[in-house]
Each structure stands twice: as C-alpha cells, then as structure tokens.
Amino acid sequence: MSSSEVYREHGIMFTYPTGWSLEEAVNDGDDLTISLTDGIAFWTLTLMWERPPIERVLAEAKTAFDEEYDELDALPVQEKISLRDSSGYDISFVCLELINHVYLRCFRTGRFTAFVMYQMTDHEQKYYEPLFKEITDSIDADQDGEVFIG
C-alpha cells in the first residue's frame, strides 16, 4: 500500500488504502462488520462479541458457499493474524463464467471472535490478493490494552 488510512475503533486497528470506502454495520446480535471496497472486490472483518468457536464460524461460512455453488474447491489454511493462530479456507468456485476466490480467516481474542473474508475474481486476483493479505496482516486486535498470551 503506497498510501494508507488507519482504522482504530472497537479495540482493533488495521491499515487500508486511501480512497477506499469503509462502512460499518451492526447485525441483530450486535456483531460488527467492517467492510472495505474500492468498488470492485471487497474485504470484511466481523467482530462477534459472544466469541463463538472458530470451528463453528468457519463451518457456517463454508456451508453457505457449499449450498450456493455446485462445484467448489476449499483448502484448509492455518496462519497467524494479530499474533494469534487463525484457521480458515481458501475457496474457489465458478459464478457467471468467472472463477471467484474467497478467503476466510477466523481467530479469537479475550473479547471477540474475528472473522475475515475477502473475495475477488480470477482476473482481479493478481492485484487484490496481496493487498487484502496486507490489510489482514496489519490487524492489531489489542488496541484496548488486552494482554496477549500466546
């Protein structure tokens, strides 16, 4: 990211490209979803205050894609986000004759379960995948003084 903005609210922080649209939405269960887009692809972070288990969040998300698309490839992934172990899936499917890529990541803190999802088409992947990975890698979930215990 050559030029970036900083989001710092709700005990989290991350950087994102200048000029991108950022929206917040709260669902009926008070979970907060923060969405970023430049009008084409998108990145979201959902903070779930009831702290559901990572496995349940990922299973529900993957099931939603399984039910929507007939042919789907889903590869399990493990990585660190905000110094925490995260689990997820790299998913590929065809929609409107385009290959789509969805990346699901989930980790837990003492305050919330965080769910990251970003999506792009095959021809957008070269540009957006590294950018979305950089946004995800910039997440700091300890902005409210929570002490991380590895």
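Both backbone and side-chain heavy atoms feed into the values below; hydrogens, waters and symmetry mates do not.
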Single-linkage hydrophobic cluster [X]~[Y], side-chain heavy atoms < 4.5 angstrom:
X	Y	value
L47	I139	yes
V116	L104	no
Y118	Y128	yes
I81	I34	yes

Distance alone, cut at 3.5 Å: any donor-acceptor contact between the side chains of [X] and [Y]?
X	Y	result
T18	S3	yes
E129	Y103	yes
E60	T63	no
D122	H101	yes
S87	Q78	yes

Report task. Look at the aromatic rings of F93 and F65 and report parallel, tilted or perpendicular, splitting at 30° and 60°. Result ->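 Because their plane-to-plane angle lies in the 30° to 60° range, the rings of F93 and F65 count as tilted.
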Report task. Give a yes or no on whether the backbone of L98 and the side-chain of N100 come within a donor-acceptor separation of less than 3.5 Å. Result -> yes
Requested in this report: For S82 and R84, indicate whether the former's side chain and the latter's backbone hold a donor-acceptor pair under 3.5 Å.
Outcome: no
Query raised in the report: About how many Å separate OG1 of T37 and CD of Q119, when rounded to the nearest 0.5 Å?
Result: 11.0 Å
Requested in this report: Could you walk me through whether Y7 and E24 pass the side chain to side chain donor-acceptor pair (under 3.5 Å) test, one step at a time?
Outcome: CA-CA 11 Å; Y7 177 93; E24 293 182 349; 2.4 Å; yes
Query raised in the report: Centres of the W43 and F14 rings: under 6.0 Å?
Result: yes
Requested in this report: I would like to know whether T33 and T46 meet side chain to side chain donor-acceptor pair (under 3.5 Å); could you show each step before the answer?
Outcome: CA-CA 4 Å; T33 298; T46 301; 2.9 Å; yes
Report task. Could you tell me whether E79 and K133 have a side-chain N and a carboxylate O separated by less than 4.0 Å? Result -> yes
